[in-house]
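Since the structure comes first, as structure tokens, the remarks are kept for the end.
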Amino acid sequence: MIRLRPNIEAMAGYVPGFQPRDAQSYIKLNTNENPYPPSLQVIDAILAEVGERLRQYPDAASRAAREEAGRLYGFDPEWVIMANGSDEVLNNLIRAFAGEGEEIAYVHPSYSYYATLAEIQGARVRTFGLTDDFRIRDFPACYEGRLLFLTNPNAPLGFCFPPEYIEELVGRVAGTLVVDEAYIDFTDGHSLDLVRRYDNVVVTRTLSKSYSLAGMRLGLAVARPQVIAALNKIRDHYNLDRLAQAAAVAALADQEYFRGCVAKIRQTRDWFSSELRRLGWQVIPSHGNFVFASPVDGNGKRVYEALYQRHILVRHFSDPQLAHGLRISIGTREEMERTLAAMAEIG
Ligand SMILES: *Cc1c(COP(=O)(O)O)cnc(C)c1O
């Protein structure tokens, strides 16, 4: 008889965005990947690691990558932890802070993977809704849960909470505020300063989107050294392999290439958003590398299917709060021109 933990047996498991087998034959705008390749310096750094040295374990402390990230963000390396994708560090934050039966919270709509991770841990999950002007609905004066996850910029909607509002929330959580900044590089501003000023703030980042490295699985968190030390106890000791560590250092070091890619995506995003509005779509002003937009008839599913027929893949959510629209990742200018032409045709 197979005796699983009841919560594991009961849970559904997270369903990642669809990855078609013949991805080349699609315009793929469904998982917020970057349309541009990683920096050539990243490729060179990875190739330099491929060889005899692979028989040896990587640096368990990912020291070079933490130093590079610390330099970039203005923190000592003791304030930084590298992760096998930011998903890994989100998981370890829950394991570090929320025991069985304890509560974590996040905003709905945002990144539902927090709920999956909490279910694995046996933690309870609370969701807070949003007001029409994108503030958290009915947030208590003092939230007593162990963790509050704020996805900022929000995914899938693309809006940002104002910095003074985030700071207000820090004062309203008894536990720890985790600001998931997966998309922060596509806008101005960030919450790293709050990490310096408050001991209950953690910021997570990923190299998947803005650094074009979704395939390498690289993320990081910035937090107080005591928090980083706790996360270090929990993680796999060799969580980043040699190729990933080399890639992280090279990617973070090549800021010129990074800034060029981000600027192109922001420009394409803003152009695409205004063109969609001209077609009569409602578009939420986006701070990410995607837009959330709804067609005139409010039938996201219909347009999703018509685009899919034309081999253009976007993201449709069946959640009733999101079903009217689509989340469309920003590709190259040419990909977005073709997507727009298809949308005009579909109507
Ligand atoms: C993509 C994404 C992540 C996961 O990033 P990885 O580094 O690829 O694991 C985390 N949070 C949000 C909101 C994301 O969109």
Side-chain angles (χ1 to χ4, degrees), residues 14-19 28-35 38 42 62 65 69 80-95 104-118 120 127-128 130 134 147-161 166 177-187 190-191 202-222 231 235-236 239-241 243-245 247-248 251-252 258 262 265 269 284 286-292 314-315 317 319 322 326-330:
Y14 186 76
V15 183
F18 176 54
Q19 300 287 359
K28 194 171 172 304
L29 309 175
N30 69 328
T31 49
N32 294 346
E33 288 146 337
N34 194 309
V42 171
S62 297
V80 180
I81 186 170
M82 297 303 300
N84 183 12
S86 67
D87 285 345
E88 185 207 12
V89 81
L90 296 171
N91 185 16
N92 289 337
L93 281 163
I94 293 177
R95 292 165 76 197
I104 68 112
Y106 71 104
V107 173
H108 179 78
S110 73
Y111 189 43
S112 63
Y113 191 51
Y114 312 126
T116 307
L117 295 171
I120 297 167
T127 55
F128 290 102
L130 287 168
F134 297 141
L147 288 172
L148 172 66
F149 289 96
L150 266 198
T151 317
N152 198 59
N154 180 278
L157 298 179
F159 70 87
C160 265
F161 293 113
I166 298 175
L177 180 72
V178 179
V179 189
D180 180 345
E181 295 192 335
Y183 299 101
I184 202 73
D185 292 327
F186 300 103
T187 188
H190 54 73
S191 290
V202 177
V203 167
T204 64
R205 297 276 179 101
T206 174
L207 277 69
S208 294
K209 281 99 184 202
S210 54
Y211 287 89
S212 309
L213 285 173
M216 275 319 284
R217 312 306 303 124
L218 281 167
L220 60 94
V222 183
L231 294 169
R235 66 174 170 85
D236 282 1
N239 62 339
L240 265 68
D241 63 49
L243 309 192
Q245 291 189 35
L252 295 170
F258 160 82
V262 165
I265 291 166
R269 171 191 72 199
I284 299 174
S286 173
H287 297 263
N289 66 339
F290 57 88
V291 295
F292 192 88
V314 299
R315 189 81 186 257
F317 300 92
D319 184 297
L322 300 170
L326 298 172
R327 191 196 69 190
I328 305 157
S329 308
I330 300 301

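Values below: all heavy atoms of this structure, side chains included; hydrogens, waters and symmetry mates excluded. In each ligand, atom 1 is the first atom listed, and ligand 1 is the first ligand listed.
Residue Ser208 approaches ligand 1 through these ligand atoms, each under 4.0 Å from one of its heavy atoms: 6 (P), 7 (O), 8 (O). Of all the atoms in ligand 1, the ones that sit under 4.0 Å from a non-hydrogen atom of Gly85 are 7 (O), 9 (O).
For atom 14 (C) of ligand 1, the closest non-hydrogen atom on the protein side is Lys209 NZ, 3.0 Å. Scanning all protein heavy atoms for the shortest distance to atom 4 (C) of ligand 1 gives Asp87 OD1, 3.2 Å. Among protein heavy atoms, atom 5 (O) of ligand 1 sits closest to Ser86 OG, 3.1 Å.
Between Asn32, Thr151, Asn91, it is Thr151 that holds the heavy atom closest to atom 13 (C) of ligand 1. The closest non-hydrogen atom to atom 7 (O) of ligand 1, taken over Thr206, Leu90, Leu218, comes from Thr206.
To the nearest 0.5 Å, atom CG of residue Leu117 and atom CG of residue Asn91 are 4.5 Å apart. The distance from the CG atom of Leu240 to the CZ atom of Arg235 is 8.5 Å, given to the nearest 0.5 Å.
The side chain of Arg217, and not its backbone, has at least one atom closer than 4.0 Å to an atom of ligand 1 (non-hydrogen atoms only; side chain from C-beta on). Using a 4.0 Å cut-off between heavy atoms, Ala182 contacts ligand 1 through its side chain alone, with no backbone atom that close.
Under 3.5 Å, the side chains of Thr127 and His108 contain no donor-acceptor pair of N or O atoms. Between the side chains of Lys209 and Thr206, not a single donor N or O lies within less than 3.5 Å of an accepting N or O.
Distances between N or O atoms of Asp180 and those of ligand 1 include at least one value under 3.5 Å. Between Tyr114 and ligand 1, a contact under 3.5 Å exists for no N or O pair.
Nearest heavy-atom pair across Val179 and Ile166 is CG2-CG2, 4.5 Å. Between Glu88 and Asn239, the shortest heavy-atom distance links the atoms OE1-ND2, 3.1 Å.
Residues Phe290 and Tyr183 bring their aromatic ring centres within 6.0 Å.
Tyr183 counts as a contact of ligand 1, since one of its heavy atoms falls under 4.0 Å from the ligand.
Ring planes of Tyr114 and Phe149: parallel class, angle under 30° (limits at 30 and 60°).
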